[in-house]
Amino acid sequence: MRVQESYSVYPIRAIIVMGVSGCGKSTVGRLLAQRLGHAPYIDADALHPTSNVEKMARGEPLADKDRWPWLSRVREEIGKAAHELLEGYDFSLCSARTIVGSRESSTSQRMYVVCACSSLKRSYREFLSRSDPDMPLEQLTHDTVFVYLDVSKTELLRRLDTRIDHFFNPVLLDSQLETLEPPDTTREAAINVYGEGPTESVAEDVYHRVTNYIAKNSL
């Protein structure tokens, strides 16, 4: 049985496209943001501190002590984008805003923030799911759905071998795969998508899967 998510009083949904390096999360995330009405897009790779970038470029895997400050910044940027979307929003058009846990009957006012972030561990995803873990439910700005792009190691290696202008050293792939905890869709607000097709087709599949999931689960 799927664990029930908490419901935000605001109509914003943060969609985090996740997976190991080479799965296509950045490209798919950008295309998804465009498909969702040119939603704000955040690439978590761009938020890494210089020390993390240099470490990965040397082929040294990141530890939790390297990732937590970075994840804090990612969460902050998602929250900032959500707050900016709320500026000037007509709350009279959102029937669910005054009832925490109510189900929305209309999706016309739904807004999105899209982020590409590896989100390898469940603990990372739990951390990213709320703008502030101590914030009361009624003050939350958004709910979060993760989209895991599932790509075989053979295809990941092929992509990494042909990729240019990126700091990630391909020798780190094994480390990322060992760290990866694929989402348990019975316990997390997450969708698993096969990511080995043409990028545009994968992005279109993600779009339909995300919008259907949100409508079905009233997120």
Side-chain angles (χ1 to χ4, degrees), residues 2-8 11-47 67 70-71 74-75 77-79 81-82 85 107 110-131 140-153 155-156 159 168 173 176-177 179-219:
R2 185 175 62 83
V3 175
Q4 182 178 0
E5 299 89 352
S6 61
Y7 297 100
S8 170
I12 295 177
R13 307 297 177 260
I15 312 300
I16 299 182
V17 185
M18 59 160 290
V20 299
S21 188
C23 72
K25 56 186 176 290
S26 294
T27 303
V28 170
R30 289 190 191 94
L31 292 173
L32 177 63
Q34 293 174 11
R35 191 71 169 81
L36 290 170
H38 296 281
Y41 171 72
I42 299 164
D43 191 334
D45 277 351
L47 302 177
R67 288 193 176 104
W70 165 64
L71 290 169
V74 174
R75 188 174 70 177
E77 290 300 317
I78 292 173
L85 282 177
T107 61
R110 188 169 289 134
M111 296 181 287
Y112 299 90
V113 175
V114 179
C115 176
C117 179
S118 54
S119 310
L120 299 178
K121 294 183 179 181
R122 184 176 180 182
S123 60
Y124 301 164
R125 296 190 290 274
E126 290 175 346
F127 179 81
L128 291 170
S129 290
R130 289 189 176 183
S131 55
L140 296 179
T141 58
H142 61 277
D143 287 307
T144 305
V145 178
F146 291 88
V147 177
Y148 168 52
L149 298 182
D150 189 3
V151 178
S152 68
K153 183 177 179 180
E155 176 61 13
L156 290 169
R159 294 180 183 183
F168 185 83
L173 179 60
Q176 282 205 338
L177 290 171
T179 303
L180 175 66
E181 298 172 1
D184 180 349
T185 57
T186 66
R187 295 179 177 273
E188 299 180 66
I191 305 166
N192 294 343
V193 177
Y194 179 71
E196 293 194 23
T199 304
E200 292 78 7
S201 297
V202 173
E204 189 67 12
D205 185 26
V206 168
Y207 168 77
H208 289 292
R209 297 278 298 277
V210 164
T211 52
N212 288 339
Y213 179 91
I214 290 174
K216 180 180 179 181
N217 292 280
S218 295
L219 281 171

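Numbers here simply count residues along the sequence, with the first being 1. None of the values given here were measured: they were computed from a predicted structure.
- A donor-acceptor contact shorter than 3.5 Å links the side chain of Tyr41 to the backbone of Ser26.
- Between the side chain of Glu188 and the main chain of Asp184, a donor-acceptor pair closer than 3.5 Å is present.
- With hydrogens and angles ignored, the 3.5 Å screen pairs a side-chain donor or acceptor of Ser119 with a backbone N or O of Cys117.
- Atoms CG and CZ, from Leu128 and Phe146 in turn, are 5.0 Å apart once rounded to the nearest 0.5 Å.
- Between Tyr207 atom OH and Leu36 atom CG the span is 6.5 Å, to the nearest 0.5 Å.
- With sequence neighbours left out, the salt bridge (charged side-chain N to carboxylate O under 4.0 Å, His left out) criterion links Glu126 to Arg122.
- Remark: Ile12 CD1 to Leu85 CG distance equals 4.5 Å, nearest 0.5 Å.
- Atoms NZ and CD1, from Lys25 and Ile16 in turn, are 12.5 Å apart once rounded to the nearest 0.5 Å.
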task = Might you work through the side chain to side chain contact (heavy atoms under 4.5 Å, CB included) test for Thr185 and Tyr213, ending with a clear yes or no?
result = CA-CA 11 Å; Thr185 57; Tyr213 179 91; over 6 Å; no
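- By the 6.0 Å contact criterion, NE2 on His208 is enclosed, its count of non-hydrogen atoms from other residues, nucleotides or ligands being greater than 12.
- Between Val193 and Val17 there is no side-chain heavy-atom pair separated by less than 4.5 Å.
- Partners of Tyr124 under the ring pair (Phe, Tyr, Trp, His ring centres under 6.0 Å) rule, at least two apart in sequence or in another chain, are Trp68.
- The backbone N or O of Ile42 lies less than 3.5 Å from no partner atom in the side chain of Glu77, so there is not a single donor-acceptor pair.
- A side chain to side chain contact (heavy atoms under 4.5 Å, CB included) with His142 holds for exactly one of Ile78, Val113, Ile15; it is Ile78.
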Apply the test side chain to side chain contact (heavy atoms under 4.5 Å, CB included) to residues Val145 and Arg13: give CA-CA distance (whole Å), side-chain angles for both, the deciding distance (0.1 Å), then the verdict. CA-CA 7 Å; Val145 178; Arg13 307 297 177 260; 5.7 Å; no
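- For the pair Asn192/Pro183, a side-chain contact is recorded, criterion being any heavy-atom separation below 4.5 Å from C-beta on.
- To the nearest 0.5 angstrom, Arg209 atom CZ is 10.5 Å from Lys216 atom NZ.
- Taking Arg30 as the reference, Asp43 meet the salt bridge (charged side-chain N to carboxylate O under 4.0 Å, His left out) condition, with sequence neighbours excluded.
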Before you tell me yes or no, could you show the steps for Val202 and Thr27 under side chain to side chain contact (heavy atoms under 4.5 Å, CB included), namely the whole-Å CA-CA distance, both residues' side-chain angles and the distance that decides it to 0.1 Å? CA-CA 10 Å; Val202 173; Thr27 303; over 6 Å; no
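- If you take SG on Cys23 and CZ on Arg159, they are separated by 7.5 Å, rounding to the nearest 0.5 Å.
- Closest of all the heavy-atom pairs between Thr144 and Ala189 is O-CB, 3.6 Å.
- When atom types are taken as modelled, the side chain of Arg35 and the backbone of Glu204 share no donor-acceptor pair closer than 3.5 angstrom.
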